[in-house]
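See structure below.
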Amino acid sequence: MRNQLVAIELSAIDRHAPIVKTLHWPNEKATQRFAQALAALPDVTHAFIALHGDLGAGKTTLVRHLLHALGVTGRIKSPTYAVVEPYELPALNIWHFDFYRFADPREWEDAGFRDIFASTGLKLAEWPEKAAAMLPCADLDITLLTTSNATREVTLTAHTPIGAALLHAAEPKGSQP
């Protein structure tokens, strides 16, 4: 028994039990402050962040604030029809996905998404559940829910050490009105 081989699931090395935090954003300024806090963290440059929420919940607004805080200039548009919008900064590649209209798994291979997710850089995905079978585990899931008084209830779920670092470091500034 001493020389038996033991199979180790390598994906388990980068995962841990999810860590969940809930924040409340009373207005868009709180969304912007959270995005700025996230942008200041070194781990964000190689994270995969999945954004969940109904239409109009603020997913694209959060992405816009985050990309501006990272140094992207100009118009930041939703990639609803293009599926992905790439952004190139001197030291950072960013891909903003919107899988809302994603229907054909062949699109994944044809568009080279596997290569994008295997490369370094920040990946942001709206409507990730539409491509769930193809996506890797998100470092951080951000779920936005519009409450009755138009504030946002935001649930952050970290699935990896990178996600946990983002969640813990960004949470204090992001939770303030």
Side-chain angles (χ1 to χ4, degrees), residues 19-102 113 116-117 119-131 135 138-160 162-177:
I19 300 169
V20 180
K21 297 276 184 187
T22 301
L23 309 174
H24 292 86
W25 296 342
N27 52 39
E28 189 174 336
K29 190 72 175 161
T31 305
Q32 182 179 22
R33 277 194 297 273
F34 176 84
Q36 290 168 338
L38 205 56
L41 304 173
D43 282 328
V44 80
T45 63
H46 52 275
F48 169 33
I49 300 173
L51 299 134
H52 307 269
D54 291 336
L55 288 171
K59 298 178 298 294
T60 303
T61 299
L62 173 58
V63 170
R64 283 185 184 126
H65 286 303
L66 178 58
L67 295 183
H68 282 139
L70 287 167
V72 174
T73 57
R75 185 171 178 256
I76 296 170
K77 59 184 180 175
S78 173
T80 301
Y81 293 101
V83 182
V84 64
E85 287 290 336
Y87 299 90
E88 206 170 310
L89 296 173
L92 176 62
N93 289 319
I94 304 167
W95 293 273
H96 177 200
F97 294 88
D98 185 331
F99 291 114
Y100 184 73
R101 297 191 187 325
F102 188 80
F113 294 160
I116 291 172
F117 276 90
S119 67
T120 59
L122 173 61
K123 291 93 175 172
L124 302 158
E126 297 184 41
W127 301 97
E129 58 278 3
K130 302 275 188 163
L135 290 174
D139 294 302
L140 184 64
D141 279 310
I142 300 177
T143 303
L144 298 141
L145 175 67
T146 304
T147 62
S148 59
N149 60 359
T151 64
R152 301 295 188 267
E153 181 177 293
V154 183
T155 303
L156 307 171
T157 306
H159 300 282
T160 67
I162 290 172
L166 295 174
L167 182 147
H168 291 305
E171 186 259 332
K173 291 179 185 174
S175 63
Q176 302 302 314

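Counting from 1, the numbers follow the sequence of the chain as shown.
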Worksheet item: Rounded to the nearest 0.5 Å, how far apart are CD1 of I76 and CZ of R64?
Response: 7.5 Å
Worksheet item: Would F97 and F113 count as a close aromatic pair, with their ring centres under 6.0 Å?
Response: yes
Item to complete: Could you tell me the separation between the CD atom of Q32 and the NE2 atom of H68, rounded to the nearest 0.5 Å?
Response: 10.0 Å
Worksheet item: Does a donor on one side chain sit under 3.5 Å from an acceptor on the other, for H52 and E129?
Response: yes
Fill in: Which atom of P128 lies closest to which atom of L135, heavy atoms considered
O-CD1, 3.4 Å
Worksheet entry | Nearest-0.5 Å distance, CG of residue L144 to OG1 of residue T31 | 7.5 Å
Fill in: Side-chain donor/acceptor of K123 to backbone N/O of G121, under 3.5 Å
yes
Discussion item. Please confirm whether the ring centroid of W25 lies under 6.0 Å from the ring centroid of F34.
Written reply: yes
Response to the item:
Value for NE2 (H65) from OG1 (T60), rounded to nearest 0.5 Å, stands at 11.5 Å
Discussion item. What I want to check is whether the side chains of T61 and E28 have a donor and an acceptor closer together than 3.5 Å.
Written reply: no
Item to complete: With ring-ring contact (aromatic ring centres under 6.0 Å, His included) as the test, would you mind laying out the steps for Y100 and W127 before giving the verdict?
Response: CA-CA 5 Å; Y100 184 73; W127 301 97; 4.8 Å; yes
Practice prompt. Decide yes or no for W95 and S119: does some side-chain heavy atom of the first lie under 4.5 Å from some side-chain heavy atom of the second?
Written response: yes
Worksheet, complete the sentence: Rounded to the nearest 0.5 angstrom, the CD1-OG1 distance for I162 and T45 is 8.5 Å
Worksheet entry | Whether D43 side chain and H46 backbone form a donor-acceptor pair below 3.5 Å | no
Discussion item. Checking T157 against L140 for the side chain to side chain contact (heavy atoms under 4.5 Å, CB included) test, could you report, in this order, the C-alpha distance in whole Å, the side-chain angles of both residues, the deciding distance, and whether it holds?
Written reply: CA-CA 6 Å; T157 306; L140 184 64; 5.8 Å; no
Worksheet, complete the sentence: Tightest non-hydrogen contact, residues T146 and G56, listed as OG1-O, 4.2 Å
Practice prompt. Grab the two heavy atoms, one from A165 and one from L41, that are nearest each other, plus how far apart they are.
Written response: O-CD1, 4.4 Å
Discussion item. Apply side chain to side chain donor-acceptor pair (under 3.5 Å) to residues H159 and D139 and explain how you reach the verdict.
Written reply: CA-CA 5 Å; H159 300 282; D139 294 302; over 6 Å; no
Practice prompt. Determine, stepwise, if the pair R152 / L145 fulfils side chain to side chain contact (heavy atoms under 4.5 Å, CB included).
Written response: CA-CA 5 Å; R152 301 295 188 267; L145 175 67; over 6 Å; no
Item to complete: Let me know which of E85, K77, E126 forms a side-chain hydrogen bond (donor to acceptor under 3.5 Å, both in side chains) with H96.
Response: E126
Discussion item. For L67 versus I94, what's the shortest heavy-atom pair and its separation?
Written reply: CD2-CG2, 3.5 Å
Response to the item:
For G163 and A158, the nearest pair of non-hydrogen atoms, with its separation, is C-CB, 3.3 Å
Fill in: Gap separating the CD1 atom of I49 from the CG atom of L66, nearest 0.5 angstrom
6.0 Å
Worksheet entry | Derivation of the side chain to side chain contact (heavy atoms under 4.5 Å, CB included) call for V154 and T22 | CA-CA 6 Å; V154 183; T22 301; over 6 Å; no
Worksheet item: Taking it one step at a time, do Y87 and N93 satisfy side chain to side chain contact (heavy atoms under 4.5 Å, CB included)?
Response: CA-CA 6 Å; Y87 299 90; N93 289 319; over 6 Å; no
Fill in: V44 and L122, any side-chain heavy atoms less than 4.5 Å apart
yes
Response to the item:
Note: K59 and L51 closest approach over all heavy atoms is CD-O, 3.6 Å
Response to the item:
side chain to side chain contact (heavy atoms under 4.5 Å, CB included) test vs L166 passes for just one of I142, L156, T160, L38, namely L38
